[in-house]
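The next block holds one structure in the form of structure tokens; read it before the comments.
Numbering of ligands and ligand atoms starts at 1, following listing order. Excluded from the calculations below are hydrogen atoms, water molecules and symmetry mates; all remaining heavy atoms, backbone and side chain alike, are included.
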Amino acid sequence: MSRNVYLVTGGAGFIGSNYIHYLFEKYAQVKVINLDKLTYAGNPENLNDLKNNPDYVFIKGDICDSTIVNRIFEEFKPDYLINFAAESHVDRSIGDAEDFIRTDMYGVYVLLEATRKYGLERFIQISTDEVYGSIESGSFTEESPLKPGNPYSASKAGGDRLTYSYFNTYQLPVIITRASNNYGPYQYPEKLIPLFVTNAMEDKSLPLYGDGKNVRDWLYVKDHCKAIEFVLKNGELGEVYNIAGGSEKENIEITRLILELMDKPESLIKPVADRIGHDRRYSLDSSKLHQLGWQPQHSFDVAMRETVQWYVDHQDWWKPLKSGEYLEYYKKHYPEGKSLT
Ligand code: NAD
Ligand code: TYD
């Protein structure tokens, strides 16, 4: 039986590393190439268990670098490319958008050009629900207009539509997914859930923006990984698929739940100034994907309890990240990643 070769870009981050784990659990025969620049958010330790697996190849590199991308296509001839690589934190994009424009737009262009040159079976662009912007009531379908409201979501909208344009113009075999907010293991502790869980563990305050009533739809990362694989195998070329968790919550509800699960007092909640341009509510209509045959399988209550427990059990994973120690560690241990022959 021939083995499929997956090129996963940004595979050392939160969702990408969960997806690589998912691939090795699902398939007896698979080869995975992980191209990741190892920004502050990339952590090859997330995939430590695969370090000695000959079917897993980690390459440290930038998706904006056409030389390395082309060499990977030449050497490994991937069947599938799943692009997770991105600058992904809204607050950082408000501070300085340059890396967002580079990676989330120009990087996508480099990957699409390599695909045009060498060809492959499927190119999956991992986009986001944030490209639609905020919605007061009701939910966005795939046909809703895009109205991104911050530099992160605008850069993602650029990558999303550029990917579609390569289907329309050059008939590249692309599919675009737009998922809602993910939670689960290995999420960098700057995002709401891991930040609040790890702060609570250290009895530090939880900085809740504005009135705490902004709404996000929460998707368990393992459901997301399964949805991506489902879309890769069953989706139609050139199409967009919304991937909703179906668990919309106000931030204050999430905050209280975390404190309750951790048996910590509500006095840790610290209302702070609102994020500028803060999108009020994200909501996706996922019926297109439901009709195709995917549904989330994890209940929010159970998966949230497991997620909180994961951070409680993995202090050795997040403590060095929060202290900055890890940056020094991986620079020493992963100076170049595996080199190409
Ligand atoms: P993350 O920030 O945890 O990981 C991003 C990864 O990309 C890191 O490993 C980083 O080192 C790598 N990277 C960044 N720039 C790169 C470059 N130029 N070249 C190569 N690698 C680079 O992000 P995440 O939360 O895992 O998100 C993954 C993808 O999913 C992103 O495209 C994001 O927009 C999208 N998404 C995320 C969520 C969410 O809730 N986290 C929801 C919907 C969509
Ligand atoms: P975040 O995890 O940054 O994801 P996104 O902005 O991409 O949805 O934030 C989720 C929500 O939590 C968002 O409404 C902003 C809010 N938030 C806080 O209230 N305090 C925080 O410290 C952070 C990081 C986020």
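- The number of heavy-atom neighbours closer than 6.0 Å to CG of D203, taken from other residues, nucleotides and ligands shown, is above 12.
- Heavy atoms of G107 come nearer than 4.0 angstrom to ligand 1 in no pair at all.
- For the pair N181 and ligand 2, the shortest N or O to N or O distance falls below 3.5 Å.
- Between the choices E130, K270, K191, H89, the shortest heavy-atom distance to atom 5 (P) of ligand 2 belongs to E130.
- Applying the 4.0 Å criterion to heavy atoms of N214 picks out, from ligand 2, the atoms 14 (O).
- Set against the non-hydrogen atoms of L38, the atoms of ligand 1 under 4.0 Å away are 11 (O).
- What sits closest to atom 12 (O) of ligand 2 on the protein, heavy atoms only, is N251 ND2, 3.4 Å.
- Between the side chain of N214 and the backbone N or O of D279, at least one donor-acceptor pair lies under 3.5 Å.
- Listed by number with element, the atoms of ligand 2 under 4.0 Å from a non-hydrogen atom of V90 are 6 (O), 7 (O).
- Y118 and F73 have parallel rings, their planes meeting at less than 30° on a 0 to 90° scale where 60° marks the start of perpendicular.
- None of E113, Q171, R116, Q125 except one satisfies the side chain to side chain donor-acceptor pair (under 3.5 Å) rule with Y166; the exception is E113.
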* **Residues N46, H21; criterion side-chain hydrogen bond (donor to acceptor under 3.5 Å, both in side chains); working and verdict** => CA-CA 9 Å; N46 296 358; H21 280 130; over 6 Å; no

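- By heavy-atom distance, the residue among N83, I63, T39 lying nearest atom 19 (N) of ligand 1 is I63.
- Taking a 4.0 Å cut-off on heavy atoms, Y186 fails to register as neighbouring ligand 1.
- Cluster membership check: Y209 does not share its hydrophobic cluster with I258, using side-chain heavy-atom separations under 4.5 Å among Ile, Leu, Val, Met, Phe, Trp and Tyr.
- The heavy atom nearest to atom 6 (C) of ligand 1, considering only G10, G159, G16, is found in G10.
- The aromatic rings of Y183 and Y220 sit tilted relative to each other, their planes meeting at an angle between 30° and 60°.
- Salt bridge absent: D99 and R92 never bring a charged side-chain N and a carboxylate O closer than 4.0 Å.
- For atom 2 (O) of ligand 2, the nearest protein heavy atom (residue, atom name, distance) is L192 N, 2.9 Å.
- A cation-pi contact links K288 to Y241, judged by a cut-off of 6.0 Å to the six-membered ring centre and 45° from its axis.
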* Report the C-alpha distance between L208 and F196 in whole Å, list the side-chain angles of each, state the deciding distance to 0.1 Å, and finish with yes or no for side-chain contact (heavy atoms from CB on, under 4.5 Å). => CA-CA 9 Å; L208 190 61; F196 281 17; 4.2 Å; yes

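- Here the options are D217, D160, D285, D129, the test is salt bridge (Lys or Arg N to Asp or Glu O under 4.0 Å), and the partner is R178; only D160 passes.
- On a distance-only criterion, N43 and ligand 1 share no N/O pair closer than 3.5 Å.
- Close contacts of ligand 2 with L195, meaning ligand atoms under 4.0 Å from a residue heavy atom, involve 22 (O).
- Looking at A86, S155, S88 and measuring to atom 5 (C) of ligand 1, the nearest heavy atom belongs to A86.
- Below 4.0 Å from some heavy atom of P207 lie the following atoms of ligand 2, by number and element: 18 (C), 19 (O), 20 (N), 21 (C), 22 (O).
- Counting only distance, with no hydrogens or angles, the side chain of Y311 and the backbone of Q187 share a donor-acceptor pair below 3.5 Å.
- Two rings, from Y188 and Y40, have their centers less than 6.0 Å apart.
- Shortest non-hydrogen contact noted between G159 and M105 is N-CG, 4.1 Å.
- Annotation: cation-pi pair K249/F300 present, NZ/CZ under 6.0 Å from the ring centroid and within 45° of its normal.
- The shell of residues lying under 4.0 angstrom from ligand 1, judged by heavy atoms, excludes G11.
- For Y188, the heavy-atom gap to ligand 1 stays at 4.0 angstrom or more.
- Closest protein heavy atom to atom 8 (O) of ligand 2: R216 NE, 2.7 Å.
- Under a 4.0 angstrom heavy-atom cut-off, F196 registers as being in contact with ligand 2.
- Numbered from 1 in the order shown, with element, the atoms of ligand 2 that lie under 4.0 Å from a heavy atom of E190 read 24 (C).
- Relative to atom 34 (O) of ligand 1, the option among Y152, F100, F84, Y282 with the closest non-hydrogen atom is Y152.
- Residue T9 places no heavy atom under 4.0 Å from ligand 1.
- Close approach to L208 involves these atoms of ligand 2, each under 4.0 Å from a residue heavy atom: 19 (O).
- By the 30° and 60° cut-offs, the orientation of the rings of Y164 relative to F167 is tilted.
- Smallest separation of non-hydrogen atoms from L35 and D62: CD1-N, 4.4 Å.
- G61 counts as a contact of ligand 1, since one of its heavy atoms falls under 4.0 Å from the ligand.
- Evaluated by nearest non-hydrogen atom to atom 39 (C) of ligand 1, the leading choice among L192, L111, I193, N182 is N182.
- Using a 4.0 Å cutoff on heavy atoms, S17 does not count as a contact of ligand 1.
- Among H278, R92, R275, R281, the residue whose heavy atom sits closest to atom 6 (O) of ligand 2 is R275.
- Distances between N or O atoms of H224 and those of ligand 1 include no value under 3.5 Å.
- For ligand 1, one of its N or O atoms has an N or O atom of D62 under 3.5 Å away.
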